[in-house]
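Structure record follows, encoded as structure tokens.
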Amino acid sequence: MFRKAHLLFTLLCGGSTTAIMIIMSLFYLSVSEKSLYDNQFRSFQNDVSTITASLEESNAVSMQWLARIEAQNGYYIFVTDNGTPFLYNDLHSDIDSTSHLLSESLDVYSSLFEVENLDPEGTTYSGIWHFEYEFTSPSTGGSFYASLIDIERNNALSQFIILCPLSSLSSSIVSQRLLFLLIDLCAVIVLFAFSWFFTGKLLKPLQENHEKQLQFVAAASHELRTPLSVILASNECCQTASEEERAGFSQTIRGEGKRMNHLIDDMLTLAHSGMNRFQIKQKPVELDTLCLNAYEAFEPLCEQKGVELSLQLPDAPLVRCNCDPDRIAQVLSILLHNALSYTPEGGQMKLSLFYRKERRTYFEIVMADTGIGISDAEKPHIFDRFYRAEKSRSTKEHFGLGLSIAYEIVTGHHGKISVHDNPVGGSIFTVRLPERT
Ligand code: ADP
């Protein structure tokens with residue numbers, strides 16, 4: 001499911017950015033090509049204006065001057081005298097390929113203007129006159145900017161046709177397009193690679209969350225099945241059991257029912273924390289009183305098991321901690337319950353409370369025991385839901401949810417919970433709660 005979503009998001013992300021990039025590239029290319037053509041046409045018009053001014057000034061035109069202009073600008077110049085092609089036209093080195101250009105350019109010119117205006121005998125105009133236009137040679141397919149300069153002197157009409165080939169402009173436009181195509185191709189590859197990477201990063205927490213939920217549901221169903229099957233089996237036995245046996249079975253059913261109830265409560269607490277419906281009702285609380293209450297609640301149990309429980313509170317009166325007293329009492333109960341469960345007879349447990357001032361002021365609750373301890377391999381997992389170390393699996397009242405609930409409560413208060421080894425053996429759990437969250 002996530003692989004498909006990853007692929008889909010990549011296509012969506014990469015596709016949309018690629019489409020935007022291609023549209024922008026095409027827009028830029030069209031603007032740039034238009035300005036290239038416009039610049040070339042303007043520069044040709046300027047050249048023609050300069051040539052026209054020179055022709056206007058001089059009475060005779062030398063072939064060397066025309067050849068120099070052609071060589072300098074890469075133009076073709078044709079001259080007609082009263083409609084007769086001038087001898088100069090035959091001097092072009094590529095006369096075979098250029099001979100038709102004169103007639104073709106004049107044909108286009110004629111189609112643009114009325115025929116009588118070009119009549120050399122006509123009197124419609126006098127002096128010097130030029131006009132620029134674009135034409136494509138039907139025989140070669142080459143494109144040109146063309147200019148026709150008419151000069152009428154002493155009733156004789158000279159025509160200069162100047163052709164500027166657009167082949168070099170076209171080839172630079174083709175190479176510009178190829179360059180853009182190459183850049184766009186590279187950009188598309190990079191964009192898709194980035195989209196794959198980023199959508200992967202985006203989906204990873206969702207995927208992890210989904211997997212955790214599946215694990216949670218599987219573990220919860222597994223844990224619920226055991227007491228349920230005991231209840232069903234005991235109920236079955238009740239049908240045929242004697243009065244005395246029945247009392248025993250109903251006690252088992254009650255005990256397993258309580259276990260289920262406890263487990264469901266824990267699961268609901270965690271489910272609410274996962275849905276951000278974990279309510280923390282904060283108010284100023286005397287943490288030392290909370291610790292004292294927890295100590296008093298566990299003292300008889302510890303005595304019963306033969307474990308020594310001590311309490312260490314600060315001597316000076318404490319400022320109040322802004323926290324949810326019920327939730328913090330739940331954390332204390334989880335830590336004390338675990339310490340008692342995993343500390344054998346003759347062991348010691350110590351609950352301490354400190355008020356510390358570093359960069360920020362915080363309360364530190366320390367639960368130390370001299371019990372079985374937690375191996376380094378187990379430490380990273382003990383706050384996971386339904387995690388139970390191998391040696392505690394046999395105990396029926398442990399579901400592996402206590403510490404994950406404590407973790408949710410402490411982090412819900414913007415605090416921290418951690419565990420490390422007790423130097424004299426056993427474990428030390430430390431809870432840090434900021435004075436103000
Ligand atoms: P459980 O209900 O099994 O105690 P917890 O989430 O409270 O579940 O604890 C997870 C695991 O961490 C336990 O199964 C146990 O292996 C280990 N653990 C917790 N507290 C202690 C402790 N004080 N000493 C040794 N092991 C502990």
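We count ligands from 1, going down the list as the structure has it; atoms in each ligand are counted the same way. Atom set for the values below is all heavy atoms of this structure, side chains included, hydrogens, waters and symmetry mates excluded. Throughout, residue positions are numbered sequentially from 1 according to the sequence presented.
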Sequence neighbours left out, what passes side chain to side chain contact (heavy atoms under 4.5 Å, CB included) with S168? Give chain and number order.
none

Ligand 1 atoms in contact with L401 (distance to a heavy atom under 4.0 Å):
6 (O), 8 (O)

Contact atoms of ligand 1, heavy-atom distance to S427 under 4.0 Å:
24 (N), 25 (C)

Kindly state each residue pair satisfying side chain to side chain donor-acceptor pair (under 3.5 Å) with at least one member in residues 8-35, sequence neighbours excluded.
T10-T199, S25-D184, S32-Q176, E33-R177, K34-D38

Do any N/O atoms on Y342 end up under 3.5 angstrom from N/O atoms on ligand 1?
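Such a contact does occur with ligand 1.
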
For I374, is at least one N or O under 3.5 Å away from an N or O on ligand 1?
no

Using heavy atoms and a 4.0 Å limit, tell me yes or no: is F429 in contact with ligand 1?
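So F429 counts as touching ligand 1.
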
Contact check, G400 vs ligand 1, heavy-atom distance below 4.0 Å
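For ligand 1, residue contact (heavy atoms, under 4.0 Å) with G400 is present.
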
Record the part of T343 in heavy-atom contact with ligand 1 below 4.0 Å; permitted values are side chain, backbone, both and neither.
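Under 4.0 Å from ligand 1, T343 contributes no heavy atoms.
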
Side chain, backbone, both or neither: which part of I382 has a heavy atom under 4.0 Å from ligand 1?
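Within the 4.0 Å criterion, I382 contacts ligand 1 through backbone and side-chain atoms alike.
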
Charged N to carboxylate O below 4.0 Å: is that the case for D324 and K283?
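So D324 does not pair with K283 through a salt bridge.
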
Whether E435 and K357 form a salt bridge (side-chain N of Lys/Arg under 4.0 Å from carboxylate O of Asp/Glu) is what I want to check.
no

Taking the ring of F44 and the ring of Y75, is the distance between their centroids below 6.0 Å?
yes

Can you name the nearest heavy-atom pair linking E132 to S147, along with the distance?
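In terms of heavy atoms, the two residues are closest at OE2-OG, 2.6 Å.
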
